[in-house]
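Hydrogens, waters and symmetry mates are skipped; everything else that's a heavy atom, side chains included, is used. Predicted, not measured: the structure shown is a model, and the values here were computed from it.
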Amino acid sequence: MRFLPVFLDLKAGPVVLIGAGELLRAKLRVLSAAGARLRVHAIDGNQDLGLNFEDAARTDIATGDPLTADLAGVIAVVCAGAGDVGVAMSARAKALGLPVNVMDDLEHSSFIFPAIVDRGDVVVAVGTGGTSPVVARRVREKIEALLPARIGELAEFIGGFRKSVNERIAEFPLRRRFWERVIDGSIGAAVLGGRRSEADAALKAIADPSDFARADKPEGSVVLVGAGPGDPDLLTIKALRALQDADIVFHDELVSPEILDRIRRDTTRVAVGRRVGKPGIGQDAINQRMIEAAQAGQRVVRLKGGDPFVFGRGGEEVEALRAAGVAYSIIPGITAGLGGAADFEVPLTYRHEATRITFLTAHKARDAEAVDWSTLTDTKMTVVVYMGMTAAPAVRAGLFAAGRSPETPVGVFARVTRPDAQGAIGTLRDLPELVRRVSGGPAILIIGEVVRHAGSLRRDTPEKTPKQIISDLLDAAE
């Protein structure tokens, strides 16, 4: 994020607008609509700006050279259609520490204009770092379609009561629940429905705001949420809602920062997972901390990479919650096996070629040694191994001993669905070497004929396709 979205107080001083033609007038309309006081330098000499009476009263038409004009008290400089004057003005503004925007010129701008959804006191700014205003406008259109027309009136209504109510509720969590109940209940509905006086009377009739908040205090509960393999866009809508509603989130170490950013900012975050070779707090401790938080009335989320019920120990956590009498629910996530298959275009099943799938975990060599590999030799079975990087030699040895061909196609897919995802393909004979080629995990192994159909390997750079690579390897083996 290069540009931090901030909101400028337009009552703090005038904005200097410099430019010419329709570009100047377009920016003038945006600033006037926001209620800005303006000092306009029309460098083309055309001072007919088409302002209405109210906007004209807040606008000064300047006739001097903007490069020598007095900038005392100015809060920002905007250049639209100003050419070389805009570049020179940018240097002057930056030297004085003034925010400056030169339209369509990121190099000479210290701030940019977002696409704006204006609902009065509710303003949504959408930016793309100046790279694609059209994309920003499309996002704005989607947001405008979702927001109620009177959402700004609701914010203004709450603002009128906020100070007095907050003074009567000392605890921040209780205060938040009070306003959640107001917004989500009949009072908020009355404002959004245009019945302001009814909402005003209802809120004033609340004798004890703390009791009002507690009356709707939810019973503590736990939601087990699957975070998926890493791409935040693969979170379900239900998962996003749970992250926004949570009071506390216990998350795995491998949950990506981009997904953690979806958590409400004032929510407590607790890392409870472990990485390979590093100790964690242990499953019993995780269970106990979730139970204690829920019994204290908190809305708890247990955020787990992939899916909670696919090698995520979600079943153990559910058993502990049941035994403690804690209410819980489960929101599934996309497991790494499915995410990796989609990311690298490996169909886990394929008509006439692969009719069965087996998912297994081999975190350590002893895990691989405990697997009955004799059940996994069917050439029409796809085997997906989770956490199999360290145990790759033992996986290979187990399949060899059971009779699986050394020329069985294999893919190692690391950090699937993330920007730094990598893949390496070859045969079962080369499995340990394939693991070394992907530069670290987490990774999954996909073993079976379906790997022949793999698509792009991202950072692998051979010109041949994965199918051609495997074909060459098999030919060499013969």
Side-chain angles (χ1 to χ4, degrees), residues 124 139 142-148 151 173 176-177 179-181 183-185 188-189 192 216-273 286-287 289-291 293-322 324-343 359 386 416-418:
V124 181
V139 175
K142 297 291 186 182
I143 294 173
E144 284 184 322
L146 292 172
L147 288 179
I151 190 70
R176 187 180 70 232
R177 290 192 182 101
W179 289 118
E180 286 175 349
R181 189 177 180 197
I183 292 170
D184 296 335
L192 296 176
D216 199 51
K217 180 180 178 180
E219 184 179 339
S221 62
V222 176
V223 185
L224 274 61
V225 175
D231 183 350
D233 289 340
L234 294 179
L235 281 171
T236 64
I237 293 174
K238 197 170 183 180
L240 285 170
R241 288 175 182 160
L243 294 179
Q244 285 294 302
D245 288 343
D247 296 312
I248 185 168
V249 175
F250 296 99
H251 63 88
D252 288 344
E253 287 284 353
L254 291 178
V255 174
S256 69
E258 294 80 7
I259 289 175
L260 295 179
D261 284 344
R262 277 21 181 208
I263 300 170
R264 197 179 66 242
R265 293 192 182 278
D266 62 333
T267 297
T268 302
R269 305 180 190 185
V270 182
V272 295
I286 294 172
N287 295 346
R289 294 183 71 172
M290 288 193 300
I291 290 167
Q295 289 175 337
Q298 291 188 295
R299 293 168 292 189
V300 180
V301 163
R302 173 70 172 104
L303 185 62
K304 309 170 77 67
D307 180 272
F309 282 0
V310 180
F311 306 121
R313 305 190 73 172
E316 297 171 53
E317 292 173 347
V318 164
E319 291 290 345
L321 295 171
R322 285 176 184 163
V326 171
Y328 65 88
S329 60
I330 301 115
I331 300 175
I334 295 175
T335 187
L338 300 182
D343 213 14
F359 294 91
Y386 287 66
V416 298
T417 78
R418 302 183 187 188

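- When every heavy atom of Glu316 is checked against every heavy atom of Asn287, the shortest pair comes out as O-ND2, 4.3 Å.
- For the atom pair CD1 of Ile259 and NE2 of His251, the computed distance is 11.5 Å after rounding to the nearest 0.5 Å.
- With contacts defined as side-chain heavy-atom distances shorter than 4.5 Å, the pair Ile330/Val318 qualifies.
- Looking at Arg269, its side chain does come within 3.5 Å of a backbone N or O of Leu260 through a donor-acceptor pair.
- Side-chain N or O atoms of Tyr386 include none that pairs as donor or acceptor with a backbone N or O of Phe359 at under 3.5 Å.
- Residues Leu243 and Leu303 form a side-chain contact, since some pair of their non-hydrogen atoms from C-beta on lies under 4.5 Å apart.
- Remark: the backbone N or O of Asp231 is paired with a side-chain donor or acceptor of Thr417 at under 3.5 angstrom.
- Looking at Leu321 and Leu224, their side chains come closer than 4.5 Å, going by heavy atoms from C-beta outward.
- Using a 4.5 Å heavy-atom threshold, the side chains of Val300 and Phe250 count as touching.
- One finds the NZ atom of Lys238 at 6.5 Å from the OG atom of Ser329 (value rounded to the nearest 0.5 Å).
- In plain terms, the two heavy atoms of Val225 and Ala242 that are nearest each other are CG2-CB, 4.1 Å.
- Between Glu317 and Lys304 there is a salt bridge, with a side-chain nitrogen of the basic residue lying less than 4.0 Å from a carboxylate oxygen of the acidic one.
- Once rounded to the nearest 0.5 Å, the distance linking CZ of Phe309 with OG1 of Thr335 reads 13.0 Å.
- Between the side chains of Arg322 and Tyr328, at least one donor N or O sits under 3.5 Å from an acceptor N or O.
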Could you please spell out the steps behind the salt bridge (Lys or Arg N to Asp or Glu O under 4.0 Å) verdict for Arg418 and Asp343?
CA-CA 9 Å; Arg418 302 183 187 188; Asp343 213 14; over 6 Å; no
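- Formation of a donor-acceptor pair under 3.5 Å by the Thr268 side chain with backbone atoms of Ile248 is not found in this model.
- Counting heavy atoms from C-beta outward, Arg181 and Arg177 have side chains that stay 4.5 Å or more apart.
- Scanning all heavy atoms of the two residues, the minimum distance from Ile286 to Val272 falls at CD1-O, 3.5 Å.
- Salt-bridge formation is not detected for the pair Arg313/Asp252: no Lys NZ or Arg NE/NH1/NH2 atom is positioned less than 4.0 Å from an Asp or Glu carboxylate oxygen.
- Nearest heavy-atom pair across Ser256 and Gly230 is OG-O, 3.0 Å.
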Run the side-chain contact (heavy atoms from CB on, under 4.5 Å) test on Ile331 and Val223 for me, step by step, so that the C-alpha distance in whole Å, both residues' side-chain angles and the decisive distance to 0.1 Å come before the verdict.
CA-CA 7 Å; Ile331 300 175; Val223 185; 3.6 Å; yes
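- Taking both residues in full, the closest heavy atoms of Ala320 and Ile291 are given as O-CD1, 3.7 Å, listed atom of the first, atom of the second, then distance.
- Two residues are said to be in side-chain contact when any heavy atoms from C-beta on lie closer than 4.5 Å; Pro229 and Leu234 meet this criterion.
- With hydrogens and angles disregarded, a donor-acceptor distance shorter than 3.5 Å links the side chain of Asp247 to the backbone of Arg299.
- A 6.0 Å sphere centred on CZ of Arg289 holds no more than 12 heavy atoms belonging to other residues, nucleotides or ligands.
- Contact check on Asp245 versus Arg264 returns no salt bridge, with no Lys/Arg side-chain nitrogen under 4.0 Å from an Asp/Glu carboxylate oxygen.
- Here the closest non-hydrogen pair linking Ser221 and Ala294 is N-CB, 4.0 Å.
- Counting heavy atoms from C-beta outward, Arg262 and Leu235 have side chains that approach closer than 4.5 Å.
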